[in-house]
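See below for the structure under consideration.
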Amino acid sequence: MGKKVLVSGGAGFIGSHIVDRLIKRADLDTLVVVDNFWTGKRENLAHVTDPRLHLEIADIETFATDERFDEIIHLASPASPPWYMREPVRTIKANLMGALNCVDKLVPGGRISFASTSEVYGDPVISPQPESYRGQVDCTGPRSSYDESKRCTESLLFELRRTTGIDLRIVRLFNVYGPRTRPDDGRAISNFLSQALTNGELTIYGDGLQSRSWGYVDDIVDALERYFWADDIDYAGPLNVGNDREIPVIDVARFIADLIPGARLKMCPPIPQDPTNRRPDLTLCRRILPGWEAGINYEEGVRRTLEWFAEKVMKGASTDAPSPLRLAEEARARNNMASSA
Ligand code: UDP
């Protein structure tokens with residue numbers, strides 16, 4: 001009997017790349033993608049004609065079915081600060097209640113794989129960050145809906161593993177970029193590319209010296225494929241997955257500005273609680289996934305992403321990302337009102 005697999009968020013940026021890999025599996029019987037097109041898009045799966053794929057347009061936290069699945073990959077959640085800041089409660093529901101509903105849909109002993117995040121490290125005071133680092137997160141801050149719901153979902157899944165024996169795989173993804181990011185996504189690389197191709201002004205929040213480790217999507221999905229569908233790995237996670245070359249935001253912007261004539265940097269006020277640095281310690285990842293490396297260097301990855309964006313933006317996709325500065329201000333005002341009430 002072939003495997004029944006469900007992917008929540010399978011029409012999203014990373015999810016659709018996972019779907020491309022899953023349909024190459026000969027042992028796959030059915031693949032159900034549950035996506036509400038909040039940040040995902042139907043067009044990300046438009047090229048998939050495999051009859052084993054079934055798309056269900058639904059919220060993962062309330063998705064109902066009598067079917068049970070051998071493997072569930074829970075990805076449904078916005079990952080871009082402006083998107084999760086705009087709808088924080090919905091973000092918490094998608095991650096946490098979505099995970100609960102996924103576990104409910106597993107066959108006994110079935111496997112759930114969860115995409116957690118380097119945001120669980122908050123603004124880290126050690127670098128690189130190993131999985132054992134407990135992080136520095138503000139549980140009521142402007143990023144908390146994302147950071148804390150990922151952290152709590154990790155806790156929930158580990159407790160369910162202890163009490164019910166689910167098979168678990170948790171990854172902590174560092175910044176991922178590449179084709180199929182929404183042009184209006186708002187994260188650094190996609191924003192800089194969209195801006196460079198439209199009004200030419202690349203918005204740098206703060207001094208731009210804050211740094212991230214940027215992983216090209218094909219490399220990251222290679223690691224996910226190796227980890228999520230290997231039966232011989234006896235490690236539930238968490239596992240850092242990313243590219244460990246750390247680059248300041250301003251260098252990324254300058255690199256992109258040099259690639260696109262007319263593009264220039266625009267310095268903007270800093271975003272509240274923007275982490276200053278982020279870099280994965282990949283020691284464990286290299287041990288659990290021998291032979292895997294993030295092989296596509298940043299310069300090549302950005303060029304490939306630019307090609308894809310150039311085609312999208314030319315076709316007139318919207319590039320209006322909401323401003324995280326404004327959203328963080330609004331969240332702060334709400335919090336002030338709540339604490340003075
Ligand atoms: N960033 C920026 N300009 C933008 C988008 C992002 O300067 O137009 C900065 C942002 O403040 C952060 C870094 O780039 O320091 C990475 O932001 P992103 O939203 O990509 O991811 P995250 O903050 O979740 O790591």
Side-chain angles (χ1 to χ4, degrees), residues 13-14 39 77-86 88 91 95 115-124 127 129 135-138 141-151 172-178 181-217 220 240-243 245-257 260 263-280 298 301-302 305 309 319-329:
F13 163 46
I14 295 183
T39 55
S77 171
S80 170
W83 283 76
Y84 64 69
M85 286 177 186
R86 193 163 46 182
T91 301
N95 279 289
S116 184
T117 169
S118 61
E119 286 283 316
V120 301
Y121 303 125
D123 193 6
S127 179
Q129 296 88 51
Q136 247 217 130
V137 176
D138 175 356
R143 303 171 81 94
S144 61
S145 65
Y146 186 70
D147 301 7
E148 293 293 358
S149 64
K150 292 289 189 188
R151 285 170 75 97
R172 291 179 178 162
L173 301 180
F174 286 65
N175 295 61
V176 187
Y177 69 97
T181 323
R182 297 175 65 103
D184 61 354
D185 173 85
R187 276 174 289 182
I189 292 185
S190 55
N191 223 23
F192 295 154
L193 289 170
S194 295
Q195 291 168 333
L197 291 165
T198 52
N199 68 4
E201 283 190 340
L202 281 54
T203 52
I204 309 290
Y205 303 137
D207 58 14
L209 297 179
Q210 68 272 33
S211 53
R212 296 290 189 274
S213 301
W214 317 89
Y216 187 68
V217 65
I220 303 310
N240 284 344
V241 172
N243 186 322
R245 186 172 154 211
E246 188 174 9
I247 305 172
V249 167
I250 197 151
D251 290 358
V252 174
R254 284 194 185 119
F255 180 75
I256 291 173
I260 302 170
R264 63 217 167 271
L265 310 195
K266 181 181 174 201
M267 306 311 284
C268 304
I271 304 182
Q273 298 196 9
D274 197 1
T276 52
N277 71 102
R278 209 54 85 54
R279 177 174 168 219
Y298 153 77
V302 168
T305 311
F309 266 83
T319 56
D320 286 341
S323 155
L325 283 173
R326 185 173 51 75
L327 293 165
E329 278 305 316

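Both ligands and their constituent atoms are indexed starting at 1 by order of listing. We count residues from 1, following the sequence as given.
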Q. Does R151 pair with E119 as a salt bridge, N-O distance under 4.0 Å?
A. no
Backbone, side chain, both or neither: what part of [X] comes under 4.0 angstrom of ligand 1, heavy atoms only?
| X | result |
| --- | --- |
| I189 | neither |
| R212 | side chain |
| R143 | side chain |

Can you list the atoms of ligand 1 that are under 4.0 Å from a heavy atom of [X]?
| X | answer |
| --- | --- |
| F192 | 2 (C), 3 (N), 4 (C), 8 (O) |
| E119 | 24 (O) |
| G186 | 5 (C) |
| I271 | 11 (O) |
| I204 | 7 (O) |

Are any non-hydrogen side-chain atoms of [X] and [Y] less than 4.5 angstrom apart?
| X | Y | answer |
| --- | --- | --- |
| L173 | I14 | yes |
| R278 | P124 | yes |
| F174 | N240 | yes |
| R212 | P275 | yes |

Check this for me - ligand 1, [X], N or O atoms closer than 3.5 angstrom, yes or no?
| X | answer |
| --- | --- |
| A188 | yes |
| Q210 | yes |
| R187 | no |
| N191 | yes |
| D274 | yes |

Q: If the plane angle is over 60° it's perpendicular, under 30° parallel, otherwise tilted; pick one for Y298 and Y177.
A: perpendicular
Q.
My understanding is that only residues two or more places apart in sequence, or in another chain, count here; which of them pass side-chain contact (heavy atoms from CB on, under 4.5 Å) with E246?
A. S127, S211, S213, N277, R279
Q: Look at atom 13 (C) of ligand 1 and find which of L209, T181, V249 reaches it with the closest heavy atom.
A: V249
(Q) If the test is side chain to side chain contact (heavy atoms under 4.5 Å, CB included), which one of I271, V249, I250 qualifies with Q210? (A) V249
Q: Determine yes or no for a side-chain-to-main-chain donor-acceptor pair under 3.5 angstrom, with R143 supplying the side chain and V137 the backbone.
A: no
Q | Distance, nearest 0.5 Å, that separates CZ of F192 from CZ of R187 | A | 13.0 Å
Q.
Tell me whether ligand 1 is touched by P81 - counting only heavy atoms on the residue side and a distance under 4.0 Å.
A. yes
